Amino acid sequence: QVQLVESGGGLVQAGGSLRLSCAASGRNFAVGWFRQPPGKEREFVARIDWSGSIKLYADSVKGRFTISRDNAKNTVSLQMNSLKVEDTAFYYCAATQRTVLGPIQASGYDYWGQGTQVTVSS
């Protein structure tokens with residue numbers, strides 16, 4: 001069982017930065033960040049493996065977002081730079097213990113946080 005709690009969302013101007021954190025209980029889990037823009041389906045943002053050595057991103061955020069984890073503190077972070085209006089969404093972290101690296105599909109994750117809102121203004 002893994003419990004997840006996100007924090008760090010908020011309102012920021014375009015071009016600004018935010019750092020999302022996902023505090024987790026449990027051990028040995030892969031993490032993915034997903035987002036759901038208003039009126040749209042949930043989409044993959046980034047994923048990281050158990051050790052933190054494999055990091056993969058959606059094309060839309062590559063070069064702007066960085067996923068990382070601190071296993072000693074059981075936290076996974078998403079640093080978001082150069083934010084765009086189209087990054088506005090509800091952001092979720094998700095975890096799975098089924099595989100070392102989770103998939104890009106939301107169905108591949110068993111545990112979800114409650115989410116945090118990120119709003120980017122123009």
Side-chain angles (χ1 to χ4, degrees):
Q1 188 86 13
V2 179
Q3 293 181 322
L4 305 168
V5 179
E6 301 98 333
S7 61
L11 173 64
V12 64
Q13 285 191 326
S17 298
L18 279 176
R19 185 177 182 89
L20 304 183
S21 292
C22 179
S25 65
R27 301 184 65 179
N28 298 336
F29 51 89
V31 172
W33 280 97
F34 291 79
R35 67 186 182 186
Q36 187 162 13
K40 297 184 179 180
E41 295 189 350
R42 193 170 299 189
E43 62 185 29
F44 165 74
V45 176
R47 53 185 171 144
I48 190 167
D49 73 325
W50 288 13
S51 68
S53 59
I54 302 174
K55 306 171 186 181
L56 298 168
Y57 302 91
D59 288 342
S60 59
V61 307
K62 202 172 294 183
R64 300 188 298 121
F65 290 13
T66 302
I67 190 171
S68 61
R69 69 188 298 162
D70 183 340
N71 286 339
K73 296 181 179 179
N74 262 8
T75 59
V76 177
S77 299
L78 185 69
Q79 177 67 42
M80 307 186 295
N81 299 329
S82 302
L83 282 161
K84 304 177 181 180
V85 172
E86 51 264 41
D87 293 319
T88 294
F90 214 72
Y91 283 71
Y92 300 87
C93 66
T96 179
Q97 294 175 306
R98 287 183 270 166
T99 54
V100 173
L101 178 66
I104 63 172
Q105 294 83 9
S107 59
Y109 295 83
D110 303 302
Y111 309 103
W112 291 81
Q114 82 286 356
T116 186
Q117 177 68 43
V118 171
T119 303
V120 184
S121 63
S122 59

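For clarity, every value in this text was computed on a predicted model and none was experimentally measured.
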Between atom [atom1] of [X] and atom [atom2] of [Y], what is the distance when rounded to the nearest 0.5 Å?
| X | Y | atom1 | atom2 | value |
| --- | --- | --- | --- | --- |
| Q79 | I67 | CD | CD1 | 12.5 Å |
| R47 | T96 | CZ | OG1 | 12.0 Å |
| F65 | L83 | CZ | CG | 5.0 Å |
| L11 | T88 | CG | OG1 | 8.5 Å |
| C22 | Y111 | SG | OH | 13.5 Å |
| D49 | K55 | CG | NZ | 9.5 Å |

Just by modelled atom types, is the [Y] backbone N or O under 3.5 Å from a matching donor or acceptor in the [X] side chain?
| X | Y | result |
| --- | --- | --- |
| E6 | C93 | yes |
| Q97 | F29 | no |
| R69 | G52 | no |

Counting only heavy atoms not in Q117, do more than 12 sit closer than 6.0 Å to its CD atom?
-> yes
Are more than 12 heavy atoms from other residues, nucleotides or ligands located less than 6.0 Å from atom CD of E86?
-> yes
Write out all pairs satisfying ring-ring contact (aromatic ring centres under 6.0 Å, His included) with one or both partners inside residues 68-104, taking only residues at least two apart or from two chains.
-> F90-Y92
Angle class for the F34/Y109 ring planes (parallel below 30°, perpendicular above 60°, tilted otherwise)?
-> perpendicular
Residue pair [X] / [Y], side-chain heavy-atom distance below 4.5 Å:
| X | Y | result |
| --- | --- | --- |
| L101 | L56 | yes |
| L78 | M80 | yes |
| S21 | T75 | no |
| V120 | K84 | no |

Over all heavy atoms of both residues, which pair between [X] and [Y] is shortest? Give the atoms and the distance, please.
| X | Y | value |
| --- | --- | --- |
| A95 | L4 | N-CD1, 3.7 Å |
| S17 | S82 | OG-N, 4.3 Å |
| E41 | P37 | O-CD, 3.7 Å |
| A30 | V100 | CB-O, 3.3 Å |
| V2 | A24 | CG1-CB, 4.4 Å |

Is [X] linked to [Y] within one hydrophobic cluster, defined over Ile, Leu, Val, Met, Phe, Trp and Tyr using a side-chain heavy-atom separation of less than 4.5 Å?
| X | Y | answer |
| --- | --- | --- |
| V31 | F44 | no |
| Y57 | W50 | no |
| V76 | W112 | no |

Salt bridge (Lys or Arg N to Asp or Glu O under 4.0 Å) pairs, two or more places apart, involving residues 22-37 | R35-E43, R35-D87
Might you work through the side chain to side chain contact (heavy atoms under 4.5 Å, CB included) test for R19 and S77, ending with a clear yes or no?
-> CA-CA 7 Å; R19 185 177 182 89; S77 299; 3.5 Å; yes
